[in-house]
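Here's the structure, in structure tokens; my notes come after.
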Amino acid sequence: MAPADHPDAATWTLLYDADCGFCRATLAGLLAFDLGKRVRPAAIQSPEGSALLADLEPAERLSSWHLISPEGERFSAGAGAPPLLRLLAGGRVPAAVLAAAPGPTDRAYHWVADHRSTLSRFVPSRAKTGATERIRRHAAEAGGGAGADGSGAA
């Protein structure tokens, strides 16, 4: 069955911090496994991000990434890892493992998020720049909408 024919083939929106090089590089790596183009990245800082996260204070919006289902259900921080992984090629088993341990998954997510500036130092500038272009391309292929870079242009 082709990905577009899959019964759960609707597009999910992944909101990320466009100003974080580590976040962009990590997202670009994850999107490489989104073979069915079921995940459409959009910047938290974009008009779409602001609208989808309107119930959160600005600091809360940027405290983690957010995965929005086609029905509008939001999964943030570690809670978003299992549903995201289920959308990616080869992600069902890791998703099941993380879903079985929500506490440790969320703590691990928050540790990484709290140390992303330090971790970003280990990501080459070239990789961060390339990640931005891969995210833009993926956003356009997965359905366009608000720009992946927060500019409103896919």
Side-chain angles (χ1 to χ4, degrees), residues 3-4 6 8-53 56 58-70 73-95 97-99 104-154:
H6 192 278
D8 296 327
T11 302
W12 293 57
T13 302
L14 194 150
L15 299 169
Y16 70 99
D17 182 354
D19 295 332
C20 170
F22 178 79
C23 302
R24 291 191 319 271
T26 302
L27 175 58
L30 288 169
L31 292 175
F33 293 93
D34 182 23
L35 305 180
K37 302 296 187 250
R38 296 182 56 205
V39 179
R40 187 178 53 80
I44 291 171
Q45 298 92 332
S46 71
E48 180 182 17
S50 295
L52 289 171
L53 302 174
L56 299 178
E60 283 181 290
R61 294 175 193 173
L62 290 167
S63 69
S64 74
W65 67 291
H66 310 275
L67 182 66
I68 312 294
S69 76
E73 185 175 4
R74 181 173 63 219
F75 302 88
S76 299
L84 174 62
L85 289 172
R86 285 186 202 104
L87 299 169
L88 305 178
R92 291 208 180 271
V93 171
V97 171
L98 296 181
T105 298
D106 203 53
R107 285 191 294 280
Y109 174 86
H110 283 291
W111 185 90
V112 170
D114 291 345
H115 295 88
R116 61 189 177 168
S117 293
T118 301
L119 294 170
S120 186
R121 293 183 211 155
F122 298 101
V123 179
S125 295
R126 192 173 70 238
K128 294 174 195 173
T129 303
T132 300
E133 182 52 37
R134 286 191 302 278
I135 292 167
R136 279 191 192 127
R137 223 178 17 253
H138 195 94
E141 293 169 0
D149 62 358
S151 69

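The chain is numbered in sequence order, starting from 1. It should be emphasised that the depicted structure is a prediction, and the values quoted were computed from it without experimental measurement.
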Legend entry - Partner residues of D114 under the side chain to side chain contact (heavy atoms under 4.5 Å, CB included) criterion, sequence neighbours left out: none
Legend entry - Main-chain N/O of G80 paired with Y109 side-chain donor or acceptor, under 3.5 Å: no
Inset, instruction - Could I get the full list of side chain to side chain contact (heavy atoms under 4.5 Å, CB included) partners for L62, not counting sequence neighbours? - result: D17, I44, Q45
Inset, instruction - Can you sort out the partners of S120 under side-chain hydrogen bond (donor to acceptor under 3.5 Å, both in side chains), two or more places apart, ordered by chain and number? - result: K128
Legend entry - Pairs involving residues 73-83, ordered by first then second residue, that meet side-chain hydrogen bond (donor to acceptor under 3.5 Å, both in side chains) (sequence neighbours left out): D55-R74, H66-S76
Inset, instruction - Kindly indicate whether the side chain of S50, heavy atoms from C-beta on, has any atom under 4.5 Å from the side chain of R61. - result: yes
Inset, instruction - Return the set of residues passing side-chain hydrogen bond (donor to acceptor under 3.5 Å, both in side chains) with T129 (not counting sequence neighbours), or none when no residue passes. - result: none
Inset, instruction - Heavy atoms only: give me the nearest K37-E141 pair and the separation to one decimal. - result: CE-OE1, 2.7 Å
Legend entry - Over all atoms of both residues, closest heavy-atom pair of R86 and A99: NH2-CB, 3.8 Å
Inset, instruction - Decide yes or no for F22 and V112: does some side-chain heavy atom of the first lie under 4.5 Å from some side-chain heavy atom of the second? - result: yes
Legend entry - Closest non-hydrogen atom pair, L31 against I135: CD1-CG1, 4.2 Å
Legend entry - Taking every non-hydrogen atom, the tightest pair across L27 and P41: CD2-CB, 3.9 Å
Inset, instruction - Output all residues satisfying ring pair (Phe, Tyr, Trp, His ring centres under 6.0 Å) with H115, sequence neighbours left out; order by chain, then residue number. - result: W111
Legend entry - Minimum heavy-atom distance A18-R24, with the two atoms named: O-NH1, 3.0 Å
Inset, instruction - Please list, chain by chain and in numerical order, all residues satisfying side chain to side chain contact (heavy atoms under 4.5 Å, CB included) with A127, sequence neighbours excluded. - result: V123, P124
Inset, instruction - Please list, chain by chain and in numerical order, all residues satisfying side chain to side chain contact (heavy atoms under 4.5 Å, CB included) with P70, sequence neighbours excluded. - result: A10, W12
Inset, instruction - Please answer whether the main-chain N or O of A28 pairs with a side-chain N or O of R134 as donor and acceptor at a distance below 3.5 Å. - result: no
Inset, instruction - Please list, chain by chain and in numerical order, all residues satisfying salt bridge (charged side-chain N to carboxylate O under 4.0 Å, His left out) with E60, sequence neighbours excluded. - result: none
